[in-house]
> 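Quick one: structure below, then a few questions.
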Amino acid sequence: MARWEAIFSPPPSVLKVLEQLEQNGWESWTVGGCVRDSLLGKVPADWDVCTAALPETVQSLFEGRFPVIPTGLRHGTVTILADGMPVEVTTFRTEGTYTDHRRPDEVHFVTSLHQDLARRDFTVNAMAWSPIRGMRDDFGGQKDLEAGLLRCVGQPEHRFEEDALRMLRALRFCAQYGFTLEEETRRGIAARKELLKTVAGERVLTELKKLLTGLQAGRTLLDSLPALGVVLPQLLPLGGFDQHNPHHHLDLWTHTCQVVDGCPREAEIRLAALFHDVAKPLCQSWGEDGNAHYIGHEAMSAEIARSCLNRLKSDGETVRQVTALVCHHDDPPPQTRKGVARLLGKLGPEMTEKLLALRRADILAQSPDTRTAKLSELERTQKLMEQLMEEQACLTISQLAVDGRMLMDWGIPAGPQLGNTLRWLLEQVLDGTVSNTPEALKQIWEEKNPFA
């Protein structure tokens, strides 16, 4: 057994919950992810407690001391707001059949911690710790942590038949923690991957975002296309797709995975990386030079991304950002102040920064022979953007030195012409035709008013 230099230091609120249960004769443990993360030297995001006490008993023990929320009494869970911190307390349990491959039809409360740990998904999540009894590791979770393996508790196919979401959780854990799937667990996913069709879109998207923002996202994606293809079949044609172009030395899926890894670990930009070339197999054409070309793949990839994200019940802002990034990912980076100012005015500083980061990751995943000039152009765009931002240059209508009220003082009537004039004036500023002062803007309007 490995020696772990882990310090279990639950917050005082958690210790109060454990103490209250133990003092009343109920065996209690911290369990699951908080134990795993503590062993890995990470600060747990939350602490879960399991206990021999029935949920009604847990309620009665804490009512009057802390607020109690009957989060899921049917499944044995009560949430204690201990000094304002939510602590989920769940009764030891076993589970019945999973008709919907997602949630147990029924649970049975038990008094054995071993039985409770045996129902859990992976060995690294099936460990418990108590300040009184120390570690409890009945299924070799510590050994698997040391080996960097993700292994199911019990028979993998059965675990995935119970809850199909566990397959995506397995991939997410590999991406987040750098685990490698244990061979039987890998085969279990391959055998039961079609069950992923039963998982709700929003749950798929939640796991996908966590996977994509993991430290080992690219490696995990590379090995997971068959399973991911069940929930995102649009990705399947990318596997092994030869791009037949001197700009690309990798097959399309390997290229995509490298682009994901090369982007900042933010969900929107990594989703854009995942979808940025998804339409290439549909857009392939051949030139007289004998090379393949992909005219229009950017716009079509953006529409595929939009369709996929909407099906997965994504929020509108994520859809907007991802589709914009995908649509513009292959645009030549502007090389003049005017061009960069227009790009900033169109997308805004935050989105422009994300676009340049996506473009950089895309270039770095292309053929080494073609990178140098592209990266040089991108660097120039980046520097021009930084200069404009440092100068607080006028990039949007809201930054103009005039507004609608001032334009009305010039004699422009209320209505559409106000907005049209503001947009025209912004164009003049972005083009460098005029400085952004009320006097200069009024003068150019008087001399060149296109609406006169």
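Just so you know, these numbers use all the heavy atoms, side chains as well, and skip hydrogens, waters and symmetry mates.
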> Can you check whether L212's main-chain N or O pairs, donor with acceptor, with R270's side chain at less than 3.5 Å?
yes

> For the pair D251 (side chain) and D242 (backbone), establish whether a donor and an acceptor sit closer than 3.5 Å, ignoring hydrogens and angles.
no

> Salt bridge or not for E194 and K197, using N-O below 4.0 Å?
yes

> With no hydrogens and no angle check, do the side chains of N310 and S307 hold a donor and an acceptor under 3.5 Å apart?
no

> Report yes if the side chains of L225 and W253 come closer than 4.5 Å at any heavy-atom pair, otherwise no.
yes

> May I ask you to check whether H276 and D330 show a side-chain donor-acceptor distance below 3.5 Å?
no

> Regarding Q443 and E447, is there a side-chain donor-to-acceptor distance under 3.5 Å anywhere?
yes

> Could you state the interatomic distance from CG (L347) to CG (L356), rounded to the nearest 0.5 Å?
9.5 Å

> Do E317 and Q321 have side-chain atoms, one donor and one acceptor, less than 3.5 Å apart?
yes

> Is any side-chain N of the basic residue among E390 and K383 closer than 4.0 Å to the acidic one's carboxylate O?
no

> Indicate yes or no: does K354 engage E350 in a salt bridge with an N to O separation below 4.0 Å.
yes

> For T90 and T77, which I'm curious about, is there any donor-acceptor pair between the side chains at under 3.5 Å?
yes

> If you measure only the distance, is there a donor-acceptor pair under 3.5 Å linking the side chains of H248 and N245?
no

> Hey, is R187 close enough to E183 for a salt bridge, meaning N to O under 4.0 Å?
yes

> Evaluate side-chain contact (heavy atoms from CB on, under 4.5 Å) for L222 paired with T254, printing each intermediate quantity in order.
CA-CA 6 Å; L222 192 63; T254 303; 3.7 Å; yes

> Mind running side chain to side chain donor-acceptor pair (under 3.5 Å) on Q366 and K374 for me, showing each step along the way?
CA-CA 10 Å; Q366 295 175 13; K374 295 175 184 177; 2.5 Å; yes

> Considering only NZ, NE, NH1 and NH2 on the basic side and carboxylate oxygens on the acidic side, decide whether R380 and E377 come within less than 4.0 Å.
no

> Classify the angle between the aromatic ring planes of F122 and F160 as parallel (below 30°), tilted (30 to 60°) or perpendicular (above 60°).
tilted

> Any salt bridge between D83 and K16, counting N to O under 4.0 Å?
yes

> To the nearest 0.5 Å, tell me how far N125 CG sits from R166 CZ.
10.0 Å

> Quick check: does any side chain N or O of S224 sit under 3.5 Å from a backbone N or O of A227, one acting as donor and the other as acceptor?
no

> Could you walk me through whether E353 and Q382 satisfy the side chain to side chain donor-acceptor pair (under 3.5 Å) test, starting with their C-alpha distance in whole Å, then the side-chain angles of each, then the deciding distance to 0.1 Å, before giving a yes or no?
CA-CA 8 Å; E353 190 70 57; Q382 182 79 40; 3.2 Å; yes

> With no hydrogens and no angle check, just 3.5 Å: does a side-chain donor-acceptor pair link S301 and E298?
no

> Going by an N to O cut-off under 4.0 Å, is there a salt bridge joining R119 and E162?
no

> E379 and S376: side chain to side chain donor-acceptor pair (under 3.5 Å), yes or no, with the steps?
CA-CA 5 Å; E379 184 65 25; S376 178; over 6 Å; no

> Go through the side-chain N and O atoms of H244 and H293 and say whether any donor and acceptor fall under 3.5 Å apart.
no

> If only atom types and distance count, is the side chain of E303 paired as donor or acceptor with the main-chain N or O of A299 below 3.5 Å?
no

> When you check the side-chain N and O atoms of D277 and H297, is any donor under 3.5 Å from an acceptor?
yes

> Does one side chain, of T381 or Q335, offer a donor that lies under 3.5 Å from an acceptor on the other?
yes

> Indicate yes or no: at least one non-hydrogen side-chain atom of L430 is less than 4.5 angstrom from one of K338.
no

> Please examine the side chains of L400 and C394, heavy atoms only from C-beta on, and report whether any two atoms are closer than 4.5 Å.
yes

> Using a 3.5 Å distance criterion without hydrogens, assess whether the side chain of T213 forms a donor-acceptor pair with backbone atoms of R265.
no

> Between R169 and D163, is there a salt bridge with N-O shorter than 4.0 Å?
no

> Would you please say whether a donor-acceptor pair under 3.5 Å links the side chains of Q216 and Q176?
no

> When you check the gap from the basic side-chain N to the acidic O, do K143 and D137 get nearer than 4.0 Å?
no

